[in-house]
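The figures here come from the full heavy-atom set of this structure, side chains too, leaving out hydrogens, waters and symmetry mates. All ligand and atom numbering here is 1-based and tracks the order in the structure.
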Amino acid sequence: MEKRRSWAEPFRIKVVEPIRMTTAEERERAIAEAGYNSFLLRSEDVYIDLLTDSGTSAMSDHQWAALMVGDEAYAGSRSFYRLVEAVEEVYGYQELVPTHQGRGAEHILSQILIEPGDVIPGNMYFTTTRFHQEYAGGRFVDVIVDEAHDPSSLYPFKGNFDLDKLQAVIDEHGAARIPYISFETNVNMAGGQPASMANLRATYELCRQHDILMILDATRALENAYYIQQREEGYADRSIAEILREICSYSDGATVSSKKDNLVNIGGFLALRDLDLATRARNLLVAFEGLQTYGGMSGRDMEALATGIREMVSTDDHVRARVGQVEYLGDLLIEAGIPVVRPIGGHGVFLDARAILPHLTQDLFPAQALTAALYVDGGVRGMERGIVSAGRDHETGEHHYPKLELVRLAIPRRVYTQAHMDVVAESIITVHEQRDRIGGLRFTYEPDELRFFQARFEPIPT
Ligand code: PM9
């Protein structure tokens with residue numbers, strides 16, 4: 001039998017940031033003060049912060065060095081042109097529209113393409129993406145495969161578009177009412193689940209037949225590329241860099257939040273192939289974000305971003321270690337019998353709150369309550385990804401009731417160690433053993449839009 005050989009992260013640690021463990025009493029007080037919303041906690045009250053993998057990555061020594069050579073010229077910054085080159089080299093898009101982060105790109109894209117009454121098919125909603133589509137007068141329609149809504153389905157490409165559903169939307173509304181389809185790579189709300197290259201290619205072909213643009217949300221395309229390499233026939237010997245470029249080749253453009261794959265703390269971009277569209281985007285950019293050669297970023301941000309984009313594909317070991325760490329935590333939980341979304345996704349482990357707390361109906365916000373209980377147990381901060389995140393239907397005023405009622409534990413890149421993952425798993429196992437004690441919540445404050453960010457709750461007295 002071949003001897004087992006472990007792998008480890010392809011880096012060593014040069015700088016550390018101390019973190020503090022609090023007492024259970026302190027955490028009980030902190031979560032009550034935060035209205036039982038993990039977004040409203042102070043980070044100094046958090047021990048292991050798995051709220052998000054967005055903007056929380058550790059930069060490399062090369063990225064820190066890049067900050068010093070950032071060109072802060074208002075117009076025509078050298079750092080912008082470095083970023084243009086990096087995006088073209090790694091993603092293959094020629095027209096770059098820099099923004100302060102992903103939602104800035106979504107805003108500009110939605111404003112230039114969507115007319116009131118338009119329909120935008122996508123593979124499961126993302127909060128900010130859908131907000132901007134609706135804000136521009138459009139309506140999002142979910143055409144992801146059914147398997148994506150089933151946490152226990154082991155289908156390897158749960159991020160795929162269901163092409164029959166897409167065809168039905170085209171037949172019902174007509175291609176002229178569909179300005180673009182929004183194809184998210186490694187679908188966040190489904191649990192970090194990838195699409196296959198075959199599905200990307202087929203969706204792009206269908207779009208071309210109907211003259212509909214295909215725009216990627218390429219925020220986590222790197223992790224999607226990794227799964228294609230691991231799971232799809234014909235890709236095992238292709239590099240992550242090659243696979244990523246092929247993914248992007250099946251699109252007319254992309255929005256990217258650089259706070260994820262790209263290894264920076266702030267930044268993003270809209271990338272396009274068509275110069276006319278890019279010109280329209282730039283005309284709005286100067287009103288909402290900043291000049292066309294910086295968008296919402298400083299010169300040093302763009303310099304660190306250009307370096308991060310190249311770094312993420314410089315060796316396949318980077319993404320292997322990143323996804324490997326997420327899988328390590330996921331496997332510990334699966335072994336302990338904790339209900340989680342399977343297969344384990346690329347950027348985090350998603351607890352199935354519906355299965356863990358069957359005594360709470362969805363309108364008692366089980367995932368929100370479980371997130372709060374986890375924080376109180378061990379100081380681990382996760383995020384609700386269920387009914388609170390889904391918001392309300394603007395026409396009926398009713399909650400959207402998503403099938404997935406999840407707590408997300410997103411792992412920042414290059415930040416935590418295997419020991420941190422062990423501590424997180426132990427805390428989740430403890431909370432799971434005491435799950436009967438977790439009660440429901442109700443709103444004390446509910447914002448109209450993107451309510452999960454700022455909503456406040458209180459426990460329902462039993
Ligand atoms: N994602 C996340 O934690 C941060 C904000 S929502 C809590 O997962 C996708 C797929 C994302 C995403 C942000 C954005 C928006 C677009 N698409 O946060 O504006 O996961 O940079 O990007 C978050 P920005």
Side-chain angles (χ1 to χ4, degrees), residues 37-41 43 49-57 97-110 120 122-133 135 140 142 144 148 158-159 182-195 215-224 247 253-271 288-289 295-297 301 305 308 326 341 345-350 367-368 371 381-386 388-391 404 406-413 415 447 449-455:
N37 183 349
S38 58
F39 276 97
L40 302 180
L41 288 166
S43 83
D49 201 349
L50 307 186
L51 180 73
T52 178
D53 63 331
S54 178
T56 52
S57 301
V97 182
T99 58
H100 74 286
Q101 59 184 91
R103 68 198 75 178
E106 291 169 347
H107 177 217
I108 304 288
L109 177 78
S110 303
I120 305 95
N123 48 347
M124 199 170 270
Y125 85 101
F126 185 72
T127 52
T128 57
T129 319
R130 190 181 66 191
F131 170 83
H132 281 296
Q133 291 164 353
Y135 190 65
F140 166 82
D142 187 10
I144 202 166
K158 289 165 97 172
S182 179
F183 198 126
E184 187 183 333
T185 49
N186 237 50
V187 181
N188 190 348
M189 301 298 282
Q193 303 293 328
I215 305 291
L216 298 181
D217 180 338
T219 295
R220 292 189 181 80
L222 181 78
E223 288 157 14
N224 201 129
I247 289 175
T255 54
V256 173
S257 165
S258 295
K259 301 172 73 173
K260 286 81 168 174
D261 280 353
N262 296 165
L263 299 166
V264 287
N265 304 120
I266 194 72
F269 56 89
L270 167 63
F288 287 104
E289 296 276 318
M297 288 179 279
D301 291 336
L305 173 53
V326 179
V341 173
H347 65 301
V349 176
F350 290 67
Q368 190 78 31
T371 307
R381 168 156 74 169
M383 180 194 292
E384 193 266 8
R385 294 279 80 165
V388 179
S389 297
L404 298 178
L406 309 173
V407 175
R408 186 185 74 174
L409 301 155
I411 317 289
R413 297 160 187 79
V415 170
E449 302 293 351
L450 298 172
R451 62 185 183 177
F452 59 95
F453 281 129
Q454 299 181 84

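- Under the side-chain hydrogen bond (donor to acceptor under 3.5 Å, both in side chains) criterion, S258 pairs with N262, not counting sequence neighbours.
- Under the side-chain hydrogen bond (donor to acceptor under 3.5 Å, both in side chains) criterion, N265 pairs with no residue at all, not counting sequence neighbours.
- When side chains are defined from C-beta on, L404 does not count as touching M189, because their heavy atoms never get closer than 4.5 Å.
- E223 places a side-chain heavy atom less than 4.5 Å from the side chain of D261.
- At the top of the distance list for atom 15 (C) of ligand 1, counting protein heavy atoms only, stands T128 OG1, 3.4 Å.
- Among all protein heavy atoms, the one lying closest to atom 14 (C) of ligand 1 is F126 CE2, 3.5 Å.
- Ionic pairing of R451 and E384 is not present here: no N-O contact between side-chain nitrogen and carboxylate oxygen is shorter than 4.0 angstrom.
- Applying the 6.0 Å contact sphere to OH of Y135 captures no more than 12 heavy atoms from other residues, nucleotides or ligands.
- At a 4.0 Å heavy-atom cut-off, ligand 1 does not touch H347 at all.
- In this structure, the protein non-hydrogen atom closest to atom 1 (N) of ligand 1 is K260 NZ, 3.0 Å.
- Summary of contacts: the protein heavy atom closest to atom 17 (N) of ligand 1 is D217 OD2, 2.7 Å.
- S389 places a side-chain heavy atom less than 4.5 Å from the side chain of Y125.
- Only the side chain of K259 comes within contact range of ligand 1, with a heavy atom under 4.0 Å; no backbone atom does.
- Distances between N or O atoms of R103 and those of ligand 1 include at least one value under 3.5 Å.
- Under 4.0 Å from ligand 1, the heavy atoms of R408 that appear belong solely to its side chain.
- In this structure, R103 fails the cation-pi test against F126, since its NZ or CZ atom is not both closer than 6.0 Å to the six-membered ring centre and inside 45 degrees of the ring normal.
- When H100, E184, R220, Q101 are checked for heavy-atom proximity to atom 24 (P) of ligand 1, Q101 turns out nearest.
- Heavy-atom contacts of G102 reach the following atoms of ligand 1: 19 (O), 21 (O), 22 (O), 24 (P) (cutoff under 4.0 Å).
- Formation of a donor-acceptor pair under 3.5 Å by the N224 side chain with backbone atoms of N186 is found in this model.
- Of all the atoms in ligand 1, the ones that sit under 4.0 Å from a non-hydrogen atom of F453 are 6 (S), 7 (C).
- The nearest heavy-atom contact from the protein to atom 21 (O) of ligand 1 is S257 OG, 2.7 Å.
- Judged by the shortest distance from any of its heavy atoms, M383 lies inside the 4.0 Å radius around the atoms of ligand 1.
- Remark: D49 engages R381 in a salt bridge, criterion side-chain N to carboxylate O under 4.0 Å.
- Atoms of ligand 1 lying under 4.0 Å from any heavy atom of E106, numbered from 1 in the order shown and given with element: 16 (C), 17 (N).
- The T52 neighbourhood of ligand 1 comprises atoms 2 (C), 3 (O), with distances under 4.0 Å to a heavy atom of that residue.
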